[in-house]
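Quantities reported herein were computed from a predicted structural model and do not represent experimental measurements.
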Amino acid sequence: MGRTAAGRRPWRRSLLSLLGAVTGLALAVVPPSTAHAAGAATSSAQGRGTRVSAWAPSMTTGGPSFDDRTIRMVVHSSVSGSGARITLSNRYSATPLDIGAVDVAVQASGGEAVRGTTRNVTFGASGRVTIPAGTESVSDVVPISVAAGENLLVSVYVPGTTGMSTWHSDAFDTTYLAAGNHTGDDGADAFGTTTTSWYYLAGLDVVSTTARGTVVAFGDSITDGYHSSTGTYTRWPDFLGRRLGAGPGPQRLSVVDAGIGGNRVLTDVPNLWQGVSALKRFGHDALGLPGVKDVILFEGINDIGNNAGPDGQPLTAQDLIDGYRTLIGEAHAAHVRVIGATLMPDEGNGYYTPAAEAIRQAVNRWIRTGGAFDGVIDFDRAVRDPANPAALAPAYDSGDHLHPGDAGMRAMADAVDLRLLRA
């Protein structure tokens, strides 16, 4: 979802005019990537099991520049596995990215690693790598195992000045920064600065003996976790992953979160950190992930709330429906199923108008009855107020009448019929 002006960070407002000047450049260096596709096979020579995506935030342009910094990020795995690989992304940057060192370890707490678990990460057998602008690099296999729901720490050292970074702005987790190269440190003493974004780190995939594929939760800020509690993994895809893991028998699917706050289906967002349109990023962010079997498509409220139709025209329900049909067609061509999710109510938020509500209702009717999706999840019905179906139920409302809080996130995950997901 888009935020109100009062909800944006002050430094973002000051950067907006600067970032607008480089929009054309940032988008010009984003050719279709083959980095994920190269690892998309559902079996692995590393041993018995299936290579799946365990964690994979969608990336955008407009991140800050770094100079001689170690960036230590928390990765919350949705599935158990071994033979890990790390994806680093320079996809939305305009200059080559020099990486001096990378390592991965099991998190003890905060920025501190469990002693003895740190493993060096290499790219083509080298601890250093230069990633050209507009591309990504997938690491060699790292000899480390992870359990479902366990956290790893990935530390990335950038020795020079990076320029505008490829990042995921709203991590709802803590990232730790240190001056100089501290990739080998088990402790966190050098990491005196924290942020709540991920930088350059675009994926963790593993060989799993319990999961047979990946489910991608594809959407906007509700999927990204806006207003969920930081560091508690209470986004609805997190709850869904735990539901799958708690079911009878081994967990059959990993779950990754491809949400971006403010993102739209049909058009790019003027705020660069909110991403190019779903039509542009779907092939990479969803269909390109290792082991993908199903995509839960839950996006469109930002198109409606901003009345953002194609070519600068007012939005119609048919515009959104046509966009969904395009994404469904791309997924089916890749032998991936798409589960459609209804758009949730927002009366009381600035997005709400009677005309916008009419579009939302028309789109939801089509999602439920149009037959184009391989299945339907009715998030609207799960979280709306029975006394006022145009609004979120008070128990699920985070307070802005658009985003659910933690209880609402759980209700969304509970509304997913697990039989819809292909194991």
Side-chain angles (χ1 to χ4, degrees), residues 1-31 57-65 89-94 133-134 163-171 196-199 218-227 258-285 298-316 319-320 322-324 326-327 343 346 349-353 355-356 359-360 363 400 402-403:
M1 307 312 105
R3 302 177 189 162
T4 62
R8 295 191 187 114
R9 300 172 190 170
W11 65 266
R12 286 185 172 177
R13 290 197 299 269
S14 66
L15 278 177
L16 184 55
S17 59
L18 172 62
L19 295 179
V22 299
T23 301
L25 175 61
L27 298 183
V29 296
V30 191
S58 295
M59 309 300 279
T60 69
T61 191
S65 178
S89 180
N90 198 32
R91 181 172 166 80
Y92 291 97
S93 301
M164 187 182 295
S165 55
T166 292
W167 69 330
H168 185 97
S169 172
D170 296 327
T196 53
S197 301
W198 294 303
Y199 310 93
F218 189 94
D220 46 42
S221 60
I222 296 177
T223 297
D224 201 21
Y226 189 61
H227 278 327
I260 300 177
N263 201 238
R264 302 175 188 170
V265 174
L266 302 175
T267 58
D268 300 342
V269 185
N271 300 334
L272 301 183
W273 50 84
Q274 295 180 324
V276 298
S277 71
L279 292 175
K280 291 181 180 178
R281 71 184 186 92
F282 186 72
H284 178 276
D285 292 0
F298 175 49
E299 188 160 351
I301 202 68
N302 290 318
D303 301 71
I304 295 173
N306 290 285
N307 196 21
D311 301 318
Q313 298 300 307
L315 182 74
T316 68
D319 291 330
L320 264 183
D322 290 344
Y324 294 149
T326 296
L327 298 178
L343 304 178
D346 60 1
N349 184 269
Y351 271 2
Y352 181 86
T353 66
I359 293 175
R360 186 182 75 89
V363 168
D400 68 3
L402 178 65
H403 300 89

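- Between the side chain of Ser165 and the main chain of Pro64, a donor-acceptor pair closer than 3.5 Å is present.
- Between the side chain of Asp220 and the backbone N or O of Gly259, no donor-acceptor pair lies under 3.5 Å.
- Atom-to-atom distance recorded for Leu402:CG and Ser221:OG is 6.0 Å, nearest 0.5 angstrom.
- Ser93 and Ala133 make their closest contact through O-CB, 3.4 Å (heavy atoms, listed as atom of the first residue, atom of the second, distance).
- No hydrogens or angles considered: a donor-acceptor pair under 3.5 Å links the side chains of Asp319 and Thr316.
- The nearest pair of heavy atoms linking Met164 to Ser65 is N-CB, 4.4 Å.
- The only option from Lys280, Gln274, Arg281 that meets the side chain to side chain donor-acceptor pair (under 3.5 Å) definition with Asp268 turns out to be Lys280.
- In this structure a side-chain-to-backbone donor-acceptor pair under 3.5 Å is present from Asn302 to Asn263.
- Considering OG1 of Thr326 and CZ of Phe282, their distance stands at 10.5 Å, rounded to 0.5 Å.
- In this structure, Arg91 contributes its side chain and Thr166 its backbone to no donor-acceptor pair below 3.5 Å.
- Tested against Trp273, the residues Asp170, Thr60, Ile260, Thr61 include a single side chain to side chain contact (heavy atoms under 4.5 Å, CB included) partner, Thr60.
- Residues Asp400 and Tyr226 meet the side-chain proximity criterion, which asks for heavy atoms closer than 4.5 Å.
- Distance CG/Leu320 to CZ/Arg264: 11.5 Å, rounded to 0.5 Å.
- Rounded to the nearest 0.5 angstrom, Glu299 CD and Leu266 CG are separated by 9.0 Å.
- Annotation: the span from Asn90 atom CG to Met59 atom CE amounts to 10.0 Å, rounded to 0.5 Å.
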inquiry  = Test side-chain contact (heavy atoms from CB on, under 4.5 Å) on Asp346 and Ile301; report intermediate values, then the result.
reply    = CA-CA 9 Å; Asp346 60 1; Ile301 202 68; 3.8 Å; yes
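- Side chain of Asp303 to backbone of Val265: a donor-acceptor contact under 3.5 angstrom is found.
- Using cut-offs of 30° and 60° on the angle between ring planes, the pair Trp198 and His168 is tilted.
- Summarising the geometry of Gly63 relative to Trp167, their closest heavy-atom pair is N-NE1, 3.2 Å, with the distance given to 0.1 Å.
- Between Val363 and Tyr324, the closest side-chain pair of non-hydrogen atoms falls below 4.5 Å.
- Between the side chain of Asn349 and the backbone N or O of Tyr351 there is at least one donor-acceptor pair closer than 3.5 Å.
- Leu315 CG to Asn306 CG: the interatomic distance, rounded to the nearest 0.5 Å, is 10.0 Å.
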